[in-house]
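This report concerns only the one structure given below.
In what follows, every chain begins at residue 1, and chains take the letters A, B, ... in the order their sequences are listed.
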Amino acid sequence: MQPPEVSAAPGFRRTAHGLRSLKDAGLRLPSSAASMKSGETASSELLHAQLGTTAFVPRIDFFWSVLLIWLIGDCTISDPNAPSQKSGARRAKKPMSELKLPARSEDFSEWYNQIVLRAELADYAPVRGCMIVRPYGWALWENITQALDRRFKATGHVNAAFPLLIPRSFIEKEKSHVAGFSPELAVVTHGGGEELEEPLVIRPTSETIIGHAYAKWIQSYRDLPLLINQWNSVVRWELRTKLFLRTLEFFWQEGHTAHATLAEAEAETRQMLDIYTDFAVRDAAIPVIPGRKSAAERFAGADETYSIEAMMGDGKALQAGTSHNLGQNFAKAFEIRYLDQTGALQYCWTTSWGLSTRFIGAVIMVHGDDQGLVLPPRLAPFQVVVVPIFKNDEEKAVVLPLAQKLSGTLADSGIRLKMDSREGISPGFKFNDWEMRGVPLRLELGPRDAAKGSVVLARRDRPGREGKSIAPQQGLETAVRNALEEIQKSLLDRALDFRNKNTVTTSDYEEFKKAVQTGFALSWWCGSAPCEEKIKEETKATMRCIPLEQQRRSGKCVYCGQPAIEQGIFARAY
RNA sequence: CGGGGCGUGGCGCAGUCUGGUAGCGCGCUUGCCUUGGGCGCAAGAGGUCCCCGGUUCAAAUCCGGGCGCCCCGACCA
């Protein structure tokens, strides 16, 4: 069934709370039409009966609609050109637009909000700007944390936990750090009913408190490198928030390392950037551009900041992970020193790196489509959903045990699987439901399959008939694994293709301005802050990063025309 | 922090202008019926109308104050 065209759409904007609605996305009935619903139920049956048997459909149709209007009073039902009252009545009764997401191409922002809520990834919390991560969203986050944690451990890092509360004086010890963070600090002034002597801040990041600890723990070059990571949440008092992308509190990991030399610290910084890149590409199927940040975009307190930048489905950029070389800034502020082999006292070189729940936003915005979420198999909480189909006890007795058996086999082989045995819900509903929630592969198993020894596989990355195929129950595990691999690959290919199509390499400022409206511009930049600033003012695009991979040529700055030796990615950003 | 919108069963809204019985849809519960792309029928449960104060015989509605949320513009993962 096609979603109905409800004629009153223009000008009928959702109200604020409508944005939260799970159920009425896109429903734009005028109140008069809505009120028709109550009166129309009985009549609609009548209409069906009449329409089914008469040759004078158009006349009868008109007659009945007039009667209906008359009965109901002030009712602006309908478009007289509607195909028939039959469908008209059904529409009013059960508008499918109610169940449908806003189209991604029409309202990207609203589409995003709806997906987060309807796929049950997260919900709004009672405090402005905070989010509740729901089990399904948290399961996704857990898979992200595991994929990263594995990589951290493999490169010699260990996990620990540092406190939530930090003495305010700590934040003030590193001057650019204070400048960067003080506007967004949450400060605790009272405890135990008394005003505190020294206010505490809720960590916006943990460089300072970890610096304090490292100063105690590090004495000798033998204590280095120190490689610690922590999984936690931090608070930054943001003014404009959006679930996952920007919330007051967010979850992340922050790695903090100390090294004997600048070279080592730089190598660590770059290694972690590589790890983020590898994770994004291989596990999340998100192509990213690893690069160096300009001075203006650098972390408060870092000598050098690197990031991976990804293109979202609307052409905007999202910083998906960052890695900082902190030089000796924090080492000096917190006296993190060691005795080297010659017995000389040296300041350490430190790094920090983080990836947050914002990454979930990237997954949504890179892969999602009009049907909802699309999750890459390697991160999906459920890689496969099994929908059994039957219409009576007899069929149920055949189908259900078979579905359970096949599910059991697949689950035992390590495939993350959900068997949807909810009763009283039609298979069609389940199809749509799990598509909205992004499950990569659906297995449909009905009486016909049971008889033929087959299963229907439906790929989420190709909605509808196109993505369906029939596989034998024998050797299903292999077929499923192959399908998941293919989906993983096709998601990456598609995202990469999209990014390439929407990235323009240009030295012409007019062309540049056009490019950053819809995607990325790769352009020569002279490296001066004023040019960067002007570009931002004039186009709203910022310097996302200077890609690590550079051509060896040189060129002219896209803004000022002065000689430039590096090309940067410019884009509007989240 | 500036501009706009909103606050009424779980969710979305009507009712507020013009004061007098709190209503609709969805969802939920129970039963029947259905189930290969968002089923249907019937019967139920569920509300301090954001808070405080005022006016009035009477306030969801009028007046004053407060709180909260969402959306659009300057900083950040």
Side-chain angles (χ1 to χ4, degrees), chain A residues 1 3 13-25 27 29-39 41 45 90 92-100 109-110 113 117 124-129 179-181 183-184 204-205 234 236-242 244-247 250-254 296-300 305 307-308 318-322 324 353-359 361-362 371 387-392 395-396 399 422-436 442 444-449 456 458 463-465 468 536-537 540 542 573-574:
Chain A
M1 253 207 266
R13 286 299 304 143
R14 285 285 96 197
T15 58
H17 284 81
L19 299 175
R20 295 179 165 197
S21 167
L22 303 190
K23 306 301 178 192
D24 72 341
L27 174 55
L29 286 171
S31 56
S32 53
S35 68
M36 182 187 82
K37 292 178 188 175
S38 52
T41 309
E45 297 310 315
R90 188 174 282 176
K93 206 186 243 177
K94 192 82 198 165
M96 206 181 292
S97 54
E98 202 173 69
L99 298 161
K100 232 170 140 72
S109 170
E110 182 56 14
N113 290 338
L117 296 172
Y124 293 99
V127 175
R128 178 193 73 85
F181 280 108
E184 48 186 16
T205 178
V234 291
R236 298 179 187 178
W237 213 261
E238 299 291 345
L239 298 174
R240 271 194 71 187
T241 61
K242 198 170 178 88
F244 290 118
L245 295 179
R246 193 184 293 106
T247 45
F250 60 87
F251 298 85
W252 74 346
Q253 63 52 227
E254 46 176 327
E297 301 280 333
R298 211 174 270 158
F299 174 76
T305 287
S307 72
I308 51 173
L318 184 92
Q319 178 176 312
T322 53
H324 314 291
W353 26 275
L355 185 145
S356 76
T357 37
R358 173 180 254 198
F359 197 91
Q371 324 303 322
V387 179
I389 299 160
F390 47 82
K391 56 170 166 284
N392 51 44
E395 289 179 356
K396 182 177 173 181
V399 168
R422 286 179 290 178
E423 302 217 19
I425 294 174
S426 71
F429 185 94
K430 292 177 181 177
F431 295 173
N432 287 289
D433 194 35
W434 291 110
E435 275 170 15
M436 186 170 61
R442 179 177 69 241
E444 305 171 13
L445 185 73
R448 294 205 292 270
D449 300 296
V456 174
R465 288 246 170 269
K468 288 202 186 190
K536 187 174 172 181
E537 274 172 31
K540 301 215 166 157
T542 50
Y574 277 100

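- Regarding A:Trp434, its CH2 atom lies at a distance of 18 Å from the P atom of B:rG36, rounded to whole Å.
- Atom pair A:Lys391:NZ and B:rG37:C1' shows a separation of 15 Å (rounding to whole Å applied).
- Annotation: B:rC17 and B:rC6 have their P atoms spaced 16 Å apart (nearest Å).
- Between the C1' atoms of B:rC62 and B:rC11, the separation comes to 30 Å (whole Å).
- Between B:rA42 and B:rC33, the two P atoms lie 16 Å apart (nearest whole Å).
- Contacts of A:Gly446 with the nucleic acid, taken as non-hydrogen atoms under 4.0 Å apart, include base atoms.
- Residues A:Gln371 and A:Leu245 each lie close to RNA chain B; by heavy-atom proximity, the contact nearer the 5' end of the strand is made by A:Gln371.
- If you measure from atom CG of A:Asn432 to atom C1' of B:rC39, you get 13 Å, rounded to the nearest angstrom.
- Atom name C1', nucleotides B:rG20 and B:rA58: the rounded distance is 7 Å, in whole Å.
- A:Leu239 has its CG atom 15 Å from the C1' atom of B:rC71, to the nearest Å.
- Between B:rU16 and B:rU61, the two C1' atoms lie 4 Å apart (nearest whole Å).
- Across all strands shown, A:Ile425 has heavy atoms under 4.0 Å from base atoms, whether or not it also approaches the sugar-phosphate.
- Looking only at atom types and distance, the side chain of A:Lys242 has no donor-acceptor partner in the side chain of A:Thr247 under 3.5 Å away.
- At whole-Å resolution of the value, CD in A:Glu444 and C1' in B:rG37 are 8 Å apart.
- Using a 4.0 Å cut-off, no side-chain N or O of A:Arg240 falls inside it from OP1 or OP2 of B:rA74.
- Spacing between B:rG27 and B:rG38 at atom C1', rounded to whole Å, works out to 14 Å.
- Applying the Watson-Crick and G-U wobble criteria (two distances, each under 3.5 Å), B:rG19 pairs with nothing in any strand.
- B:rC69 and B:rG5 make up a base pair, with Watson-Crick or G-U wobble contacts both under 3.5 Å.
- Phosphate proximity of B:rC39 to A:Ser426: present, with a side-chain N or O under 4.0 Å from OP1 or OP2.
- Not a single donor-acceptor pair, N or O on each side, falls under 3.5 Å between the base of B:rG36 and the side chain of A:Lys430.
- As rounded to the nearest Å, B:rG19 and B:rG3 have C1' atoms that lie 33 Å from one another.
- Using a 4.0 Å heavy-atom criterion, one finds that A:Glu395 contacts no nucleic acid atom at all.
- Positionally, the nearest nucleotide of RNA chain B for A:Gly428 lies more toward the 5' end than for the other of A:Gly428 and A:Arg358.
- Between the CZ atom of A:Arg422 and the P atom of B:rG38 there is a distance of 15 Å, given to the nearest Å.
- Here B:rU48 sits opposite no nucleotide as a Watson-Crick or G-U wobble pair (both hydrogen-bonding atom distances under 3.5 Å).
- Using a 4.0 Å heavy-atom criterion, one finds that A:Val456 contacts the bases of the nucleic acid, with or without backbone contacts as well.
- The ring pair (Phe, Tyr, Trp, His ring centres under 6.0 Å) check on A:Tyr574 picks up nothing, with sequence neighbours excluded.
- Note: A:Thr305 OG1 to A:Glu297 CD = 10.0 Å, rounded to the nearest 0.5 Å.
- Stacking of the aromatic ring of A:Phe250 onto the base of B:rA77 is found: the ring centres lie under 5.5 Å apart and the planes are inclined by under 30°.
- Distance from the side chain of A:Asn113 is smallest to B:rC71 among B:rU35, B:rC71, B:rA74.
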Note to self: Could you go through A:Arg236 and A:Thr205, starting from their C-alpha distance and side-chain angles, then the distance that decides it, and tell me whether this counts as side chain to side chain contact (heavy atoms under 4.5 Å, CB included)?
What the structure shows: CA-CA 9 Å; A:Arg236 298 179 187 178; A:Thr205 178; 3.6 Å; yes
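- The nucleotide whose nearest atom lies closest to any side-chain atom of A:Ile389 is, among B:rC72, B:rC75, B:rG36, B:rG36.
- Note on A:Lys242: every side-chain N or O is 4.0 Å or more away from OP1 and OP2 of B:rA77.
- Using a 4.0 Å heavy-atom criterion, one finds that A:Lys536 contacts the sugar-phosphate atoms exclusively.
- As judged by a 4.0 angstrom heavy-atom cut-off over every strand, A:Pro447 is placed among the base-contacting residues.
- The pairing partner recorded for B:rG31 is B:rC41, the criterion being a Watson-Crick or G-U wobble arrangement whose two distances lie under 3.5 angstrom.
- Residues passing the ring pair (Phe, Tyr, Trp, His ring centres under 6.0 Å) test with A:Phe244, sequence neighbours excluded: none.
- Counted within 6.0 Å of CZ on A:Arg465, heavy atoms from surrounding residues, nucleotides or ligands total 12 or fewer; the atom is thus considered open.
- At the heavy-atom level, A:Arg298 lies nowhere under 4.0 Å from the strands shown.
- Distance CD (A:Glu238) to C1' (B:rC75): 7 Å, rounded to an integer number of Å.
- Going from the P atom of B:rA22 to that of B:rA60 covers 10 Å, rounded to whole Å.
- Taking 3.5 Å as the limit, the base of B:rG37 and the side chain of A:Arg465 contain no donor-acceptor pair of atoms between them.
- Counting any heavy atom pair closer than 4.0 Å across all strands shown, A:Thr305 reaches no nucleic acid atom.
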A:Glu423 and A:Lys396: salt bridge (charged side-chain N to carboxylate O under 4.0 Å, His left out), yes or no, with the steps?
CA-CA 11 Å; A:Glu423 302 217 19; A:Lys396 182 177 173 181; 3.1 Å; yes
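- Expressed to the nearest 0.5 Å, how far NZ of A:Lys468 lies from CD of A:Glu444 amounts to 3.5 Å.
- Between the CZ atom of A:Phe429 and the C1' atom of B:rG40 there is a distance of 15 Å, rounded to whole Å.
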